[in-house]
Each structure stands twice: as C-alpha cells, then as structure tokens.
Amino acid sequence: MRIEQELKLGFKDVLFRPKRSTLKSRSQVNLTRDFTFKHSGRQWSGVPVIAANMDSVATFEMAAALAEHDVMTAVHKHYTVEQWAEFVQNADAKTLNNVFVSTGTSEADFEKTKQIMALSEDLIFICVDIANGYSEHLVEYVQKVRAQFPNKVISAGNVVTGDMCEELILAGADIVKVGIGPGSVCTTRVKTGVGYPQLSAIIECGDAAHGLGGMIIGDGGCSCAGDVSKAFGGGADFVMLGGMLAGHTESGGEVVEQDGKQFMKFYGMSSESAMAKHSGGVAKYRAAEGKTVLLPYRGTVHNTISDILGGVRSTCTYVGAAKLKELTKRTTFIRVQEQENNVFGKE
C-alpha cells in the first residue's frame with residue numbers, strides 16, 4: 001500500500017485567471033476545431049462537445065438537434081441495427097459525421113458494430129465504452145476494432161491516468177475517454193472507493209495523449225458552462241456532457257408528472273434503472289453504480305446548448321483566446337476555496 005500525497009483537483013477547486021484581451025466581443029470567438037486523427041488519418045471539423053452515450057440523453061433526436069450547432073452525439077448502444085438503418089436513411093451527412101456509434105466489448109457488440117458501420121460511409125466515429133478502462137480486455141478489443149476499421153476514428157475508455165491513456169492509444173485508439181466517478185448520476189466513488197478528480201485526470205491524460213499524437217475526451221463532472229471551459233482549459237480536446245443535456249425533449253427520458261409539473265427520468269448507465277431496462281436487472285455478482293433522478297422537464301435542447309457554448313465563448317474573451325484551440329495555451333488556473341456567492345441560491 002502507498003499514498004500519493006499530491007492533491008488532485010476537480011472543477012470546483014479552480015477558477016480561470018483573466019488576462020488582457022484584444023477581443024471586443026464573444027462573437028469573435030471561434031469554437032470550431034479542425035482535427036486530424038492519429039491512426040485513422042481522418043479529418044473532422046466541428047465544435048468538440050459531445051452528448052454522453054446514455055439512453056436518457058444521447059438519442060437519434062438529440063444527434064439531429066445538436067448537429068445543427070456542429071456539436072456531436074455519442075448515440076447510446078441500445079438501439080437495434082434496424083433502428084440505425086432507419087435513422088441513417090433520414091439523416092444528412094453532416095449529422096452522421098457528428099455521431100459516435102457506441103459499443104461494448106462483447107463478440108455480439110463487435111458484430112453489431114460491423115453491421116451499423118456498413119450502413120453508411122458517413123458514419124466515421126466509434127466509441128468503445130466500458131466503465132473500467134483498466135481491463136486488458138479493452139486493450140485487446142481496441143486492437144480488434146482498429147484492425148477491422150483502419151480508417152474510422154476510434155474512441156475508447158474510461159480511464160483517468162496517463163499510463164493507461166498511452167496504452168489505449170498505442171493499441172489503436174485515436175481518442176481516449178477520461179473520467180471515473182465524476183458524473184452527476186454516477187455512484188462509482190461511493191460504491192467502490194475508486195475515482196480521480198476530473199480536472200487533474202484531464203490534465204494528466206491530456207499530457208500523455210498529446211505526447212503520442214492522440215486526443216482525449218473529458219467525460220463527466222461538468223455542472224455548468226464554466227466547467228466545460230475548465231475541461232478545455234485543462235487540455236481536453238473534446239468535452240462530454242450527460243446531466244447538462246438531460247431532461248430535454250430530445251433526451252428520450254421517460255416523462256413523469258407530479259403535482260401538475262413535468263419531470264424527466266435521468267439515470268446512470270450502471271444504475272438499477274438501466275440494468276433493469278437492458279440487462280434484466282442487477283446481476284447477483286455486482287452492485288448498481290448509478291442514481292436515478294427526476295429532472296424538471298426543460299423543453300428543447302437548442303437554448304441549453306446555445307447557453308453552454310455562449311459561456312465557453314465568454315471564457316475565451318476573458319483570457320484572450322480568439323479560438324477554442326488557443327484556450328489551453330491561455331489558461332492559468334488559480335486554486336480557490338469558493339466558487340460563487342450563493343446568498344440567493346445556486347444558478
């Protein structure tokens with residue numbers, strides 16, 4: 001047993017230090033990134049925010065809506081091949097270029113992914129997603145997917161440390177998904193005692209990935225637009241959002257009415273709700289590692305995503321970054337013990 005003494009930080013532990021800026025307005029800030037991916041050689045241009053692959057967030061409807069903002073969606077893995085075929089027929093190339101096809105790591109998952117990817121050449125992103133990215137099985141599976149899809153962009157995770165980030169990139173991942181336990185409906189840290197504060201995880205994994213020509217997704221822990229900016233400032237190439245995009249018309253959650261008000265069900269993908277829906281319940285050998293909550297129904301997602309992107313643009317103006325790409329170079333974080341004045345409640 002050993003203890004690492006260095007303090008690890010989450011988003012609540014820091015604020016951006018403002019810097020002189022020549023920008024007159026947030027409208028001058030360009031949030032579009034142009035990426036070329038390490039293994040596939042693919043090029044992609046867009047706003048690198050991703051709806052998390054949860055079935056109460058990342059639906060086909062969400063994908064179509066967010067694509068209008070050049071934002072991505074990691075569509076959840078529980079749609080059938082037939083449902084994908086129907087979606088591909090109606091979606092335009094721009095929407096399909098902004099979609100990740102999510103998959104687990106079983107043989108059945110592999111066969112299903114092959115069938116979905118064969119539906120359209122415009123599907124270019126694959127998200128290999130398991131809760132514990134430290135499994136050697138994930139490394140082997142990424143190698144297998146890379147061999148099958150040499151010219152597709154592969155994301156794999158989740159991990160929180162540089163060593164595993166490097167191993168997944170060397171195995172064939174273009175992008176590594178970073179985050180264990182920070183999600184708003186994740187209880188992994190409580191149930192297992194395992195986790196890593198998200199900002200430090202992003203900083204360490206970003207450093208490791210970029211050294212090899214790979215990229216990372218900061219997945220989880222964002223509760224406001226400022227957190228999204230902090231993830232980018234810390235070195236995330238992409239930022240994945242779950243709870244911030246839940247509760248909308250496009251989220252696909254179950255609508256519940258209480259006391260005349262509408263709420264939408266939102267739950268973690270390792271929760272009892274998710275396992276009852278997709279796996280016939282919680283298996284005897286495991287514990288549920290997710291919450292189920294009711295969120296006030298928020299209407300369409302368009303206003304929410306515009307507000308989030310507006311917040312990131314504003315961050316960029318405070319530190320003098322004309323492009324999102326420049327944000328991490330212009331970032332100095334200051335350690336703090338308070339974030340906001342809550343005398344009239346939280347925003």
Side-chain angles (χ1 to χ4, degrees), residues 10-12 14-16 18 21 23-33 46-52 54 56-59 61-74 94-95 98 182-185 198-199 202 217-234 236-253 255 261-264 266 293-319 321-327 331 339-342 344-347:
F11 298 132
K12 68 176 176 20
V14 300
L15 288 169
F16 284 93
S21 171
L23 296 166
K24 294 176 182 174
S25 164
R26 70 183 69 179
S27 64
Q28 294 176 273
V29 175
N30 182 5
L31 296 185
T32 300
R33 293 287 312 262
V47 178
V49 172
I50 310 170
M54 309 167 80
S56 49
V57 177
T59 62
E61 293 76 20
M62 183 66 78
L66 293 185
E68 294 180 33
H69 301 264
D70 293 330
V71 169
M72 309 182 80
T73 301
K94 178 183 174 182
T95 301
N98 281 312
S184 57
V185 286
Q198 185 68 351
L199 181 61
I202 286 170
I217 298 170
D219 175 21
C222 293
S223 60
C224 57
D227 292 342
V228 179
S229 296
K230 290 172 188 176
F232 283 127
D237 302 284
F238 298 82
V239 178
M240 187 169 262
L241 305 177
M244 289 181 72
L245 297 178
H248 294 92
T249 308
E250 300 86 354
S251 306
V255 178
K261 294 179 181 175
Q262 286 190 314
F263 297 85
M264 193 171 268
F266 174 51
V293 298
L294 289 179
L295 304 179
Y297 174 59
R298 300 162 71 187
T300 184
V301 76
H302 291 287
N303 290 339
T304 298
I305 194 65
S306 294
D307 187 63
I308 292 168
L309 300 184
V312 177
R313 284 192 189 91
S314 196
T315 305
C316 290
T317 64
Y318 272 107
V319 300
K323 299 177 181 177
L324 182 59
K325 181 181 181 180
E326 297 170 7
L327 180 55
T331 292
Q339 281 283 317
E340 57 184 315
N341 185 334
N342 288 324
F344 295 119
K346 289 186 73 68
E347 172 63 28

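Just so we're clear, the structure is a prediction, and the values are computed from it rather than from any experiment.
Interatomic distance, Asn30 CG to Glu326 CD, rounded to the nearest 0.5 Å: 9.5 Å. Here CD of Gln339 is found 7.5 Å from SG of Cys224. Values are rounded to the nearest 0.5 Å. Atom CZ in Arg298 sits 11.0 Å away from atom OG1 in Thr300 (nearest 0.5 Å). Separating the CG atom in Asn98 from the CG atom in Leu66 is a distance of 9.0 Å, to the nearest 0.5 Å. Within the model, atoms CD of Glu250 and CD1 of Ile305 stand 11.0 Å from one another, a figure rounded to the nearest 0.5 Å. With rounding to the nearest 0.5 angstrom, the CD1 atom of Ile202 is 11.0 Å from the CD1 atom of Ile217.
The closest donor-acceptor contact from the side chain of Lys261 to the backbone of Pro296 lies at 3.5 Å or more, if one exists at all. Checked by atom type and distance alone, the side chain of Ser21 pairs as donor or acceptor with a backbone atom of Thr317 at under 3.5 Å. For the pair Thr59 (side chain) and Ser251 (backbone), a donor-acceptor distance under 3.5 Å is absent. The closest donor-acceptor contact from the side chain of Thr331 to the backbone of Leu327 lies under 3.5 Å.
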Inset, instruction - For the pair Phe232 and Val49, evaluate side-chain contact (heavy atoms from CB on, under 4.5 Å) and give the outcome as yes or no after the intermediate values. - result: CA-CA 10 Å; Phe232 283 127; Val49 172; 4.1 Å; yes

Inset, instruction - Begin with the C-alpha distance, continue with both residues' side-chain angles, and end with the deciding distance and a verdict on side-chain contact (heavy atoms from CB on, under 4.5 Å) for Ser306 and His69. - result: CA-CA 8 Å; Ser306 294; His69 301 264; 3.6 Å; yes

Inset, instruction - Start with the C-alpha distance between Arg313 and Leu324, add both sets of side-chain angles, then the distance that settles side-chain contact (heavy atoms from CB on, under 4.5 Å), and finish with yes or no. - result: CA-CA 8 Å; Arg313 284 192 189 91; Leu324 182 59; over 6 Å; no

Legend entry - Worked verdict on Phe266 versus Ser184 for side-chain contact (heavy atoms from CB on, under 4.5 Å): CA-CA 10 Å; Phe266 174 51; Ser184 57; 3.7 Å; yes

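Around OH of Tyr318, the count of heavy atoms belonging to other residues, nucleotides or ligands within 6.0 Å does not exceed 12.
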For residues 236-248, which side-chain N or O atoms pair as donor and acceptor with protein atoms under 3.5 Å away, sequence neighbours left out?
| from | atom 1 | to | atom 2 | distance (Å) |
| --- | --- | --- | --- | --- |
| Asp237 | OD1 | His210 | NE2 | 3.2 |
| Asp237 | OD2 | His210 | NE2 | 2.8 |
| Asp237 | OD2 | Ile216 | N | 2.8 |
| His248 | ND1 | Leu245 | O | 3.0 |
| His248 | ND1 | Ala246 | O | 3.1 |
| His248 | NE2 | Thr304 | OG1 | 2.7 |

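Heavy atoms only, all atoms of each residue included: Leu23 and Cys316 are closest at CD1-O, 3.9 Å. When all heavy atoms of Phe11 and Lys230 are compared, the pair lying nearest together is O-NZ, 2.9 Å. Scanning all heavy atoms of the two residues, the minimum distance from Arg33 to Pro48 falls at CG-CG, 3.7 Å. Of all heavy-atom pairs between Arg26 and Gly310, the closest is NH1-O, 3.7 Å. Gly311 and Ala225 get closest at one heavy-atom pair: CA-CB, 4.0 Å.
Under the 4.5 Å side-chain criterion, counting only non-hydrogen atoms from C-beta, Val185 is in contact with Met54.
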